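Only a predicted model underlies this, so the values are computations on that prediction, with no experimental measurement involved.
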Amino acid sequence: MSPATTAALDRAHLAFALAVHRGVAPDPTVPACWSPYSVASALGLAGTGARGQTRDEIAQLLLGDPAGSLAEQAAMLSAAAELDDEPGRSEPPLLGVSNTLWTRADLPITAQFTDDVRSWPNGTVREAPFATDSETARGMINAEVDDTTRGLIPELVRRGELDSKTVAALVNALYLKSSWRNAFPEGATAPGPFHAPGGQLELPTMRLVKQFGYAHRNGWQVVVLPALGGLDAITLLPDTELGQAEPALDAAALADLFSAPAPARLELYLPRFRVKVRSPLTQALQELGVHRMFTDAAEFSGISEVPLAVDKVLHDAVLKVDEHGFEGAAATAMVMRMAAAVRQDPPIVVRVDRPFLFLVRHRATGAVYFLTRFTGS
């Protein structure tokens, strides 16, 4: 893949991440956590089996171009499913990904789409008794997601979200755990002030004096925390209230912030946090222009000769950040129905003591595994 193609895919992925982020979490005072990687994987896999306007709408959202190459995007996401080797590490980074097409036994699936599914990381096609026992089918999907996410998402599909009309479900699950290259000393963690939208809180706040990638640019402080496996965790702290600064971010501005950091010695204060959120993706995707796949006019002939439509899109995500590193998991289900020691300058003090954005990104490809808004509650 050429550098120009890679750069274009990176920019499109950032635009997609910001667009869906605003769709699922429009209120900047409310915590948010979701996985652009997981949602893009589920949409991209569905897009390979879509045709006509259905495919064009998916490609427009994912790539900013209805004629964009979903195969190139799939290659980018597949590359992000491989972390850098860390030989000799007692706790190497872990990345688990699964992509599964669950189908009713009597639903004919095209040979090409079966091959497409299996070409994705840990891609499989499995049968589930949607028509005769939707609760058993729900348990089978949840068990696989639970296994992939190491128990962090035990129930992606809740009771009543499948029924006898369900004929298939495209499910992506993601688990990611990595240690900081420079761990925060646990003894340095202490209660610290955090200026949440609802008033000041006291939160366990980690402290570390170290050299990090840092920039103060266009009203944002950017701190890059390197982690094992070729991963970066990026804190974006606005100079003003997050509710004022976040809406102005676009893909170009975000890419500029990502490119700005240079090595600097920081005294970093960062809250220890855990955010878990279920995101309403169905409505958000429709509002972003992906309409046809939810209607009886959906064109999924690349998946099956039987007319199919997406009934709902489910998404859960959780991200935990502490002194040792981060651990996160996400899962997306597209439920388908039939259609009808030198002298050092004093450190720069960065106190992350107000709402902020936190992204986990694959350094080589730019894929965003998690985009989180932390507001203190």
Side-chain angles (χ1 to χ4, degrees), residues 21 25 27-35 152 176-216 219-228 231-246 249 254 257-258 261 264-279 316-330 347-361 368-377:
H21 177 67
D27 185 347
T29 67
V30 175
C33 181
W34 69 286
S35 172
L152 290 182
L176 183 62
K177 183 177 183 180
S178 183
S179 301
W180 305 127
R181 291 206 171 271
N182 302 294
F184 289 78
E186 291 192 47
T189 299
F194 189 89
H195 306 287
Q200 183 168 304
L201 305 173
E202 289 287 317
L203 298 180
T205 301
M206 307 179 293
R207 174 184 175 274
L208 180 62
V209 178
K210 204 75 179 180
Q211 181 170 283
F212 295 102
Y214 173 77
H216 194 175
W220 294 84
Q221 291 187 80
V222 187
V223 181
V224 180
L225 286 78
L228 302 183
L231 301 174
D232 287 328
I234 303 170
T235 296
L236 300 178
L237 180 68
D239 294 345
T240 60
E241 291 184 6
L242 184 61
Q244 298 174 359
E246 184 183 319
L249 276 181
L254 193 55
L257 291 175
F258 286 164
R265 187 166 177 261
L266 305 183
E267 182 179 358
L268 177 63
Y269 293 83
L270 179 70
R272 189 174 62 201
F273 67 88
R274 184 180 189 273
V275 180
K276 183 175 184 179
V277 177
R278 185 173 178 87
S279 297
D316 273 6
V318 57
L319 182 65
K320 173 188 173 185
V321 174
D322 62 18
E323 291 86 352
H324 306 288
F326 55 82
E327 181 182 29
I348 301 167
V349 177
V350 179
R351 295 184 182 275
V352 185
D353 61 356
R354 53 195 178 277
F356 61 94
L357 301 179
F358 191 89
L359 300 92
V360 177
R361 196 169 184 241
V368 179
Y369 295 107
F370 294 95
L371 196 165
T372 298
R373 178 195 300 134
F374 184 71
T375 63
S377 60

| query | Of all heavy-atom pairs between Ala233 and Trp180, which one has the smallest distance, and what is that distance? | reply | CB-CZ3, 3.6 Å
| field | Stepwise side-chain contact (heavy atoms from CB on, under 4.5 Å) test for Val275 and Phe374 | value | CA-CA 8 Å; Val275 180; Phe374 184 71; 3.8 Å; yes
| Side-chain heavy-atom pair His216, Asp239 within 4.5 angstrom cut-off | yes
| request: Could you check if a side-chain atom of Asp232 sits within less than 4.5 angstrom of a side-chain atom of Pro226, using non-hydrogen atoms only? | output: yes
| task | May I ask you to test the Leu231-Leu176 pair for a side-chain heavy-atom distance under 4.5 Å? | result | yes
| said: Tell me the closest heavy-atom pair linking Ala183 and Leu208, and the distance in Å. | reply: O-CD1, 3.7 Å
| said: Using side-chain contact (heavy atoms from CB on, under 4.5 Å), reason through Val321 and Thr372 one step at a time and then give a plain yes or no. | reply: CA-CA 11 Å; Val321 174; Thr372 298; over 6 Å; no
| field | Closest non-hydrogen atom pair, Leu201 against Gly376 | value | CD1-O, 2.9 Å
| query | Quick one: CD on Gln211 to CZ on Arg265, what's the gap to the nearest 0.5 Å? | reply | 9.5 Å
| query | For the side chain of Arg373 and the backbone of Ala25, is there at least one donor-acceptor N/O pair under 3.5 Å apart? | reply | yes
| field | Reported CZ-to-CZ distance for the pair Arg351 and Arg207, which is rounded to 0.5 angstrom | value | 9.0 Å
| Centroid-centroid under 6.0 Å between Phe326 and Phe370 rings | no
| message | Once rounded to the nearest 0.5 Å, what's the spacing between atom CZ of Arg272 and atom CZ of Phe184? | response | 11.5 Å
| field | Nearest non-hydrogen partners of Tyr369 and Ser35, listed with the distance | value | O-OG, 2.8 Å
| query | Can you find a heavy atom in the side chain of Val318 that is under 4.5 Å from one in the side chain of Arg274? | reply | yes
| remark: What one should report as the nearest heavy-atom pair of Ala264 and Ile348 is CB-CD1, 4.2 Å
| said: Donor-acceptor check, side chain of Asp322 to backbone of His324, threshold 3.5 angstrom: yes or no? | reply: yes
| field | Separation between CG of Leu371 and SG of Cys33, rounded to the nearest 0.5 Å | value | 9.0 Å
| request: Please report the closest heavy-atom contact between Thr375 and Pro28, naming both atoms and the distance. | output: CG2-O, 3.8 Å
| request: Spell out, as yes or no, whether a donor-acceptor pair under 3.5 Å connects the side chain of Thr205 to the backbone of Leu203. | output: yes
| task | With the side chain counted from C-beta on, respond yes when Val352 and Pro271 share a heavy-atom pair under 4.5 Å apart, and no when they do not. | result | yes
| Is Tyr269 close to Glu267 at the side-chain level, that is, under 4.5 Å between some pair of heavy atoms? | yes
| field | Parallel, tilted or perpendicular, as decided by the 30° and 60° cut-offs, for the rings of His21 and Trp34 | value | parallel
| remark: Here the gap from Phe194 atom CZ to Glu202 atom CD, rounded to the nearest 0.5 Å, amounts to 12.0 Å
| said: Could you go through Phe212 and Val350, starting from their C-alpha distance and side-chain angles, then the distance that decides it, and tell me whether this counts as side-chain contact (heavy atoms from CB on, under 4.5 Å)? | reply: CA-CA 11 Å; Phe212 295 102; Val350 179; over 6 Å; no
| said: Using a 6.0 Å cut-off, check whether atom NZ of Lys276 has over 12 heavy atoms from anything other than its own residue. | reply: yes
| query | Yes or no on side-chain contact (heavy atoms from CB on, under 4.5 Å) for Ile234 and Leu257, after CA distance, side-chain angles and deciding distance? | reply | CA-CA 10 Å; Ile234 303 170; Leu257 291 175; over 6 Å; no
| request: For the pair Ser178 (side chain) and Leu228 (backbone), establish whether a donor and an acceptor sit closer than 3.5 Å, ignoring hydrogens and angles. | output: yes
| Between Leu268 and Tyr214, is any pair of side-chain heavy atoms under 4.5 Å apart? | no
| field | Other residues, nucleotides, ligands: >12 heavy atoms within 6.0 Å of Glu241 CD | value | no
| Roughly how far apart are Leu242 CG and Leu357 CG, rounded to 0.5 Å? | 5.0 Å
| Backbone N or O of Leu237 within a donor-acceptor pair of the Arg354 side chain at under 3.5 Å? | no
